[in-house]
*Asks:* 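What follows is a single structure, and I will ask about it in a moment.
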Amino acid sequence: MDTPNTVRDAGGAEAGRDDEEAVRRALEEYYRAGKPPWDTGVTPPELVALIEGHGEGSDALPPGRALELGCGTGTNAIYLARHGWEVVAVDLVGCAIELARERTEAAGVDVRLLHGDATRLDELDAPGPFDLFFDLSCYCGIPPHRRDAYVTGLTRRAAPGARLLMFGYGPEAFDDTFSGVTADELRTRFAGWDLVDVTPGTNPVPTFWFTLRARDA
């Protein structure tokens with residue numbers, strides 16, 4: 001006979017799976033309907049500034065190994081590869097990966113594209129270490145019960161001093177009960193990392209650019 005705790009735990013797990021499936025369906029629907037709003041085909045200036053610096057003689061980031069979480073059709077993976085980075089890119093939506101594969105081949109760049117879940121990196125061919133992680137509104141749509149797994153996956157693959165550049169929507173931007181991200185949440189979840197910068201976005205709803213840095217071992 002199930003105890004009350006067992007029933008409650010089972011109900012929570014089922015609700016979590018329902019949230020995961022709802023996210024997957026919503027993402028797939030965006031692609032079926034046309035270009036998703038986050039997949040603009042333009043590399044964000046925030047990523048450009050990190051990779052290239054802010055001007056002549058500025059602090060450009062030396063090329064290394066990069067992992068993009070939620071790569072969409074490959075715009076930013078292509079950008080990174082063109083700037084000398086060894087890139088692995090992951091997306092949950094199969095048709096996005098297929099489009100990204102077509103685009104990377106047309107661009108003549110080498111990117112390892114993986115169809116899979118950013119919270120289940122151990123199931124994918126994405127071994128570390130990585131010097132850079134880039135997340136354009138992936139984490140903020142992950143159901144809360146999978147967010148610690150996301151953090152664990154990145155932390156296991158982070159080189160000392162690795163950076164995570166993350167764009168996220170604030171919780172007020174969505175109608176559902178779990179989407180969105182705050183600086184306080186990142187400080188709490190990302191043990192072993194420092195949140196070194198928070199810059200508000202320019203969108204009509206609350207958005208932020210977060211920069212985190214892995215502490216040296």
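Computed from heavy atoms alone, side chains included, the values below leave out hydrogens, waters and symmetry copies. Small disclaimer: the values here were computed from a predicted structure and weren't measured. Numbers here are sequence positions counted from 1.
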*Asks:* Could you give the distance from CD1 (Ile51) to CZ (Arg82), rounded to the nearest 0.5 Å?
*Replies:* 14.5 Å
*Asks:* Compare every heavy atom of Gly161 with every heavy atom of Arg213, then report the nearest pair and how far apart it is.
*Replies:* NE-O, 3.1 Å
*Asks:* Flag the pair Val88 / Leu124 as yes when at least one side-chain heavy-atom distance between them is below 4.5 Å, and no otherwise.
*Replies:* no
*Asks:* Test your reading of the model: is there a side-chain donor-acceptor pair from His115 to the backbone of Val90, 3.5 Å cut-off?
*Replies:*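 Such a contact is absent between His115 side chain and Val90 backbone.
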*Asks:* Check whether any side-chain heavy atom of Leu121 sits under 4.5 Å from a side-chain heavy atom of Arg156, and report yes or no.
*Replies:*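 Result no, sub-4.5 Å side-chain heavy-atom pair not found.
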*Asks:* Are Asp122 and Arg157 close enough for a salt bridge, meaning some N to O gap below 4.0 Å?
*Replies:*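 Here Asp122 pairs with Arg157 in a salt bridge, since their nearest N and O are under 4.0 Å apart.
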*Asks:* Have a look at Tyr139 and tell me which of Phe167, Tyr150, Phe208, Phe210 forms a ring-ring contact (aromatic ring centres under 6.0 Å, His included) with it.
*Replies:* Tyr150
*Asks:* So, taking the atom named CG in Leu47 and the one named CH2 in Trp209, what distance separates them when rounded to the nearest 0.5 Å?
*Replies:*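 These two atoms lie 7.0 Å from each other.
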*Asks:* Leu164, Val48: one ILVMFWY side-chain cluster at the under-4.5 Å cut-off?
*Replies:* no
*Asks:* Could you state the interatomic distance from CG (Asp117) to CG (Leu69), rounded to the nearest 0.5 Å?
*Replies:*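 Answer rounded to 0.5 Å: 10.0 Å.
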*Asks:* Establish whether Val181 and Leu165 are linked, either directly or via other cluster members, by ILVMFWY side-chain heavy-atom contacts under 4.5 Å.
*Replies:* no
*Asks:* Under a single-linkage definition using a 4.5 Å side-chain heavy-atom cutoff for Ile, Leu, Val, Met, Phe, Trp and Tyr, are Leu92 and Ile142 assigned to the same hydrophobic cluster?
*Replies:*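 Per the 4.5 Å side-chain linkage, Leu92 and Ile142 are not co-clustered.
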*Asks:* Can you tell if the side chain of Arg112 reaches within under 4.5 Å of the side chain of Asp125, non-hydrogen atoms only?
*Replies:* yes
*Asks:* Taking the side chain as every heavy atom from C-beta outward, state whether Pro144 and Arg189 have any atom pair closer than 4.5 Å.
*Replies:*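 Of all side-chain heavy-atom pairs linking Arg189 with Pro144, at least one is under 4.5 Å.
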*Asks:* Do you know the tightest heavy-atom contact between Val111 and Ala81?
*Replies:* CG2-CB, 3.9 Å
*Asks:* Please check if the side chain of Arg163 supplies one atom and the backbone of Leu61 the other of a donor-acceptor pair under 3.5 Å.
*Replies:* no
*Asks:* Please determine whether side-chain contact (heavy atoms from CB on, under 4.5 Å) holds for the pair Asp91 and Thr73, giving the CA-CA distance in whole Å, both sets of side-chain angles, and the decisive distance to 0.1 Å.
*Replies:* CA-CA 9 Å; Asp91 202 278; Thr73 60; over 6 Å; no
*Asks:* Say whether Val196 and Leu212 are linked into one hydrophobic cluster, either directly or through other cluster members, by side-chain heavy-atom distances under 4.5 angstrom.
*Replies:* no
*Asks:* Could you check whether any side-chain heavy atom of Asp194 comes within less than 4.5 Å of a side-chain heavy atom of Arg215, counting everything from C-beta outward?
*Replies:* yes
*Asks:* So among Phe134, Phe130, Phe133, which one has a side chain to side chain contact (heavy atoms under 4.5 Å, CB included) with Glu68?
*Replies:* Phe134
*Asks:* Tell me, with the steps shown, if Trp85 and Asp131 meet side-chain contact (heavy atoms from CB on, under 4.5 Å).
*Replies:* CA-CA 10 Å; Trp85 288 78; Asp131 308 289; 4.2 Å; yes
*Asks:* Got a second to check how far Ile97's CD1 is from Cys71's SG, nearest 0.5 Å?
*Replies:* 4.0 Å
*Asks:* Closest approach of Ala77 and Ala89, non-hydrogen atoms and distance?
*Replies:*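 Minimum heavy-atom contact is CB-CB, 4.1 Å.
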*Asks:* Would Tyr79 and Glu52 count as having a side-chain donor-acceptor pair, cut-off 3.5 Å?
*Replies:* yes
*Asks:* Any side-chain heavy atom of Leu195 sitting closer than 4.5 Å to one from Phe190?
*Replies:* no
*Asks:* Do the non-hydrogen side-chain atoms of Asn76 and Pro44 ever get within less than 4.5 Å of each other?
*Replies:* yes
*Asks:* If you measure only the distance, is there a donor-acceptor pair under 3.5 Å linking the side chains of Thr182 and Asp184?
*Replies:* no
*Asks:* Determine whether Thr75 and Thr43 satisfy the following criterion, side-chain contact (heavy atoms from CB on, under 4.5 Å), listing intermediate values before the conclusion.
*Replies:* CA-CA 6 Å; Thr75 296; Thr43 296; 3.8 Å; yes
*Asks:* Which heavy-atom pair separates Ala214 from Trp193 by the least distance, and what is that distance?
*Replies:*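 Looking at all heavy atoms of both residues, the shortest contact is N-CE3, 3.3 Å.
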*Asks:* Using the rule that Ile, Leu, Val, Met, Phe, Trp and Tyr join whenever any side-chain heavy atoms are under 4.5 Å apart, tell me whether Leu136 and Leu132 fall into a single cluster.
*Replies:* yes
*Asks:* Could you grab the distance from atom OG1 of Thr207 to atom CD of Glu172, nearest 0.5 Å is fine?
*Replies:* 11.0 Å
*Asks:* If only atom types and distance count, is the side chain of Arg147 paired as donor or acceptor with the main-chain N or O of Cys140 below 3.5 Å?
*Replies:*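 Yes.
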*Asks:* Let me see the working for Thr104 and Val87 under side-chain contact (heavy atoms from CB on, under 4.5 Å), right down to the final yes or no.
*Replies:* CA-CA 11 Å; Thr104 55; Val87 184; over 6 Å; no
*Asks:* Got a second to check how far Leu80's CG is from Arg65's CZ, nearest 0.5 Å?
*Replies:* 13.0 Å
